[in-house]
Amino acid sequence: MSHRLFNNFLFFLIFLFFTLFIRYHTASNEVITWDEATYIIAGREVLMGFLPYESLYEMKPPLLYYFYSIPLFFSQSLEAIRIYGILNIAISSFLIFFILKDYTKKYHSFLAALSFASIMNYYFWLETSSEIVSLPFILLSYIFFKKHEKSNLNLFLTGIFISISTLIRLNIAYLVIFMVVFLIIKKVNIKQKIKEISLFGISGLIPLIFLIIIYYKQDLISLLYAGMIEVSLAYSSENSFLIGIYKYIKTIYKLCYFNPFPFLILMLLFISLIFKKSLLKKDNKYLILFTSGTLFSILATGQGFSHHLIMIIPFMVIFIFSKLINSKLLIFIRNIIISIIIIIPLYSSIMPNIILLRNNFDVRKNHQLRELSNLIGDSSTKILALDYHLLYFYSNNPYPLKLIHTPALARKTTKKRLIPLQNIGYYSNDYINKAFSNDYDYILCSTRICIEGRPNIENKKIKNLLKNYEIIKTINNFSRWEHTKIGNLLLYKKIKKSD
C-alpha cells in the first residue's frame, strides 16, 4: 500500500514539475482575459471578511470566491493565482493518469496526462479560470461515480464533489441532471434505486446547505438566490440552445484553424476513434455519461467562449486513450502525435525558463499594469476601468462600483442580467446610467472598446463619457484577443476646466 502511494505521489510530482516548467514562465503575460481579474478581486473580498456578493458582485457561484481566496491568503499576487492554476492542472493530470492506468499501459496513461497539461498551455487558457478550478472536483466525482455500486461512501463522495464543482461553475448542474437520470433508468430494484438517488441527493445538497445557513444567519438569502440563480438564468437565456451550438462550432473551428497543434489533431483523433471498442468495458457508460453531460452543460451556456471547452478536454483525452487499437502501427502513430503535442510546449518553454532563471524567477518584469497602478494618484483617486480591471487589485484606489466586472458596464446584455439584483435593492434601477454619469479622475480602457467599439457594447455611452477626457498614456500590444488581434491599453485623464 505504501509503495503504491509513493508511486502515485512520484507521478504527481512529475506532472507538477512538468506543468510548472511549461506554464509558470507564462505568468509574465499579465492580462489574458477579463475573468481572472474578476475572480481575483472576488477572492480578495472574502479575505476582507465579506461574503460573496455582499460588498461587490460577480455572477459566479460563491464557492469560486472562496477557492480564489486560498492562494491570495498566502500571497496577494498574480503569481500566486497562476501557481494555483498550475496546481489544479497538475492534480487534474494525475487524476487522468489515475483513471486510465487501470485500463491501459501505464506509459499510455502517462502520455495522456502529459498531453492534457500540454493542451492547457493554449494562450487564452493560461489564466486560472473557473473551469481549471472546478476540474479536479469533476474528475473526482467521475472516479467515485463509476464505483458507486461497490460502496455507499463512493456515491456519497460523488455527490459532495459534483456539488462543489457546481458551486464553482453553476452550469455543471446540467451534468448533475444527467447523473440523476442515469440513476433513475439504471436496472436495479426500486428499493436500491430510491436509496442511491436519496444518498446522491442528500450528499450533493450538503455544500449548498452550508452556504444557505451562512447566508441565512446574515439575512442575505435573497442575495444568494438572486446573485447565484436568477442572474445565471438571465445569462444563459441570452442565446438559444441552437445558437449556442452554432457559436461553439465556430469556436472549435477557429481553435483548429489557428492552433492545429493540438486542437485539430485532438479532434481528428477523437473522431477517428469513435467507433472503436473501449478498453473501459462496462465502465464505458460512465465516460459517455460524463462526456455528454459536460458537453451539454457547455452548450447550454450558449456563449461560445473557448475557455468553456476546458471542461471537456480531460474526457476527450481519456476517450482517445481508452479505445482498443489492434494495430501496433496505429498505436505507434497515436503515441507519436501525442508526443509532439507534449514536446511543442516543452521545447518552447526552454528559453523563457532560462530568461526567468536569470531574472531570479521574477515574472513581474513585464507587468506594465502593475507599474501603471503605482503612477495613478493616491487612495482618493477615482478610476473607472472599462478594460484591464486587474488594476483595482494592484492599487489602493477605492472600487468605484459594486460590480466587480466593470468592463461589463458597457455590455448591452448587462442591464437585463442585473434586474434580479435591482429587484432586491442591491442595485438601483438606473445603476448603469449613474455609473456612466459619475465623475472619474482616470478611465482605463483599450482601443477595441473605447476607439474601435464593438457590436455588443454601448458605444455611444462610452463616447459621451470620454468627451471630457484625454489620452495621457498608451501601451501598445498590451494584450491579445480573438486569436490574432492585439489590444492597446489607453489611460484617459479628466480634462481640467480652465478658470
Side-chain angles (χ1 to χ4, degrees), residues 61 63 95 98-99 102-103 131 134-212 225 228-230 232-233 235-237 240-242 244-245 248 274-275 277-302 308-309 311-312 314-316 318-319 322:
L63 278 194
L95 293 174
F98 184 82
I99 290 166
D102 290 336
Y103 306 101
E131 291 84 4
S134 68
L135 269 184
F137 298 103
I138 295 173
L139 289 169
L140 282 168
S141 65
Y142 171 80
I143 288 170
F144 286 106
F145 193 64
K146 69 187 181 71
K147 297 179 179 179
H148 75 272
E149 293 178 345
K150 296 180 180 179
S151 164
N152 288 334
L153 178 62
N154 288 340
L155 189 55
F156 180 84
L157 291 173
T158 299
I160 293 290
F161 288 129
I162 200 66
S163 178
I164 291 172
S165 62
T166 304
L167 291 172
I168 295 172
R169 282 200 59 82
L170 197 60
N171 64 312
I172 296 299
Y174 289 108
L175 173 58
V176 176
I177 294 171
F178 273 62
M179 295 167 74
V180 171
V181 171
F182 177 89
L183 291 174
I184 291 172
I185 64 174
K186 66 178 288 193
K187 294 180 179 179
V188 293
N189 63 69
I190 189 67
K191 185 178 179 181
Q192 180 67 17
K193 188 172 293 190
I194 292 172
K195 179 182 176 183
E196 288 182 351
I197 294 171
S198 300
L199 182 58
F200 179 68
I202 291 169
S203 61
L205 286 172
I206 289 173
L208 179 59
I209 289 170
F210 271 110
L211 276 178
I212 291 172
Y225 180 74
M228 184 173 73
I229 305 298
E230 291 188 301
S232 296
L233 289 174
Y235 173 79
S236 61
S237 67
S240 68
F241 187 72
L242 291 177
I245 292 174
Y248 282 107
I274 284 178
F275 298 106
K277 288 184 178 180
S278 176
L279 295 169
L280 304 182
K281 298 180 180 178
K282 65 177 183 177
D283 289 340
N284 190 49
K285 59 180 177 286
Y286 298 113
L287 179 60
I288 294 171
L289 171 68
F290 270 73
T291 303
S292 57
T294 303
L295 181 60
F296 185 88
S297 72
I298 294 169
L299 296 174
T301 64
H308 291 171
L309 298 172
M311 295 189 298
I312 202 69
F315 298 110
M316 288 185 70
I318 293 168
F319 177 90
S322 67

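Nothing here was measured: the structure is a model prediction, and the numbers come from that model.
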What one should report as the nearest heavy-atom pair of I162 and G159 is CG2-O, 3.5 Å
Can any side-chain N or O of T291 pair as donor or acceptor with the backbone N or O of I288 at less than 3.5 Å? no
Contacts of type side chain to side chain contact (heavy atoms under 4.5 Å, CB included), residue L299, not counting sequence neighbours: F241, I245, Y248, L295
Checking F161 now: which residues fulfil ring-ring contact (aromatic ring centres under 6.0 Å, His included) with it, not counting sequence neighbours? F144
Applying salt bridge (Lys or Arg N to Asp or Glu O under 4.0 Å) as the test, list every pair that has at least one member in residues 290-302; sequence neighbours left out. none
With sequence neighbours excluded, what pairs up with S236 under the side chain to side chain donor-acceptor pair (under 3.5 Å) test? none
If only atom types and distance count, is the side chain of N154 paired as donor or acceptor with the main-chain N or O of K147 below 3.5 Å? yes
Can you tell me how far the CG atom of L139 sits from the OG atom of S134, to the nearest 0.5 Å? 9.0 Å
Any chance you could lay out the side chain to side chain contact (heavy atoms under 4.5 Å, CB included) test for S278 and L287, step after step, and finish with the verdict? CA-CA 10 Å; S278 176; L287 179 60; 5.7 Å; no
Salt bridge (Lys or Arg N to Asp or Glu O under 4.0 Å) partners of residues 278-296, not counting sequence neighbours, each pair once: none
Residues which pass side chain to side chain donor-acceptor pair (under 3.5 Å) with Y235, listed by chain and number, not counting sequence neighbours: none
Restricting to pairs with a member in residues 287-301, which pass salt bridge (Lys or Arg N to Asp or Glu O under 4.0 Å), not counting sequence neighbours? none
Hey, could you give me the CE/CG distance between M228 and L167, rounded to the nearest 0.5 Å? 6.0 Å
Pair listing, side chain to side chain donor-acceptor pair (under 3.5 Å) test, anchored in residues 157-168, at least two apart: none
Rounded to the nearest 0.5 Å, the CG atom of L289 sits from the CZ atom of F315 at a distance of 9.0 Å
Parallel, tilted or perpendicular: which describes the rings of F290 and F145, with under 30° parallel and over 60° perpendicular? tilted
For the atom pair OG1 (T294) and CD1 (I172), what is the distance rounded to the nearest 0.5 Å? 5.5 Å
Check: residues 201-210 side-chain donor-acceptor pairs under 3.5 Å, at least two apart:
unit_1, atom_1, unit_2, atom_2, d
S203, OG, F156, O, 3.3
S203, OG, L199, O, 2.9
S203, OG, F200, O, 3.0

Stepwise, does the side chain to side chain contact (heavy atoms under 4.5 Å, CB included) test hold for L183 with V188? CA-CA 9 Å; L183 291 174; V188 293; over 6 Å; no
Can you pull the salt bridge (Lys or Arg N to Asp or Glu O under 4.0 Å) pairs that have at least one residue in residues 200-212, sequence neighbours excluded? none
Got more than 12 heavy atoms from elsewhere within 6.0 Å of CZ, F319? yes
Taking all non-hydrogen atoms of both residues into account, name the closest pair between I298 and N171 and its distance. N-ND2, 4.1 Å
Set of residues satisfying side chain to side chain donor-acceptor pair (under 3.5 Å) with respect to Y286, sequence neighbours excluded: none
Please report the interatomic distance CD1(I138) to CD(E131), rounded to the nearest 0.5 Å. 9.0 Å
Distance check, rounded to the nearest 0.5 Å: Q192 atom CD versus I197 atom CD1? 10.5 Å
Partner set under side chain to side chain donor-acceptor pair (under 3.5 Å) for K186, not counting sequence neighbours: H148, E149, E196
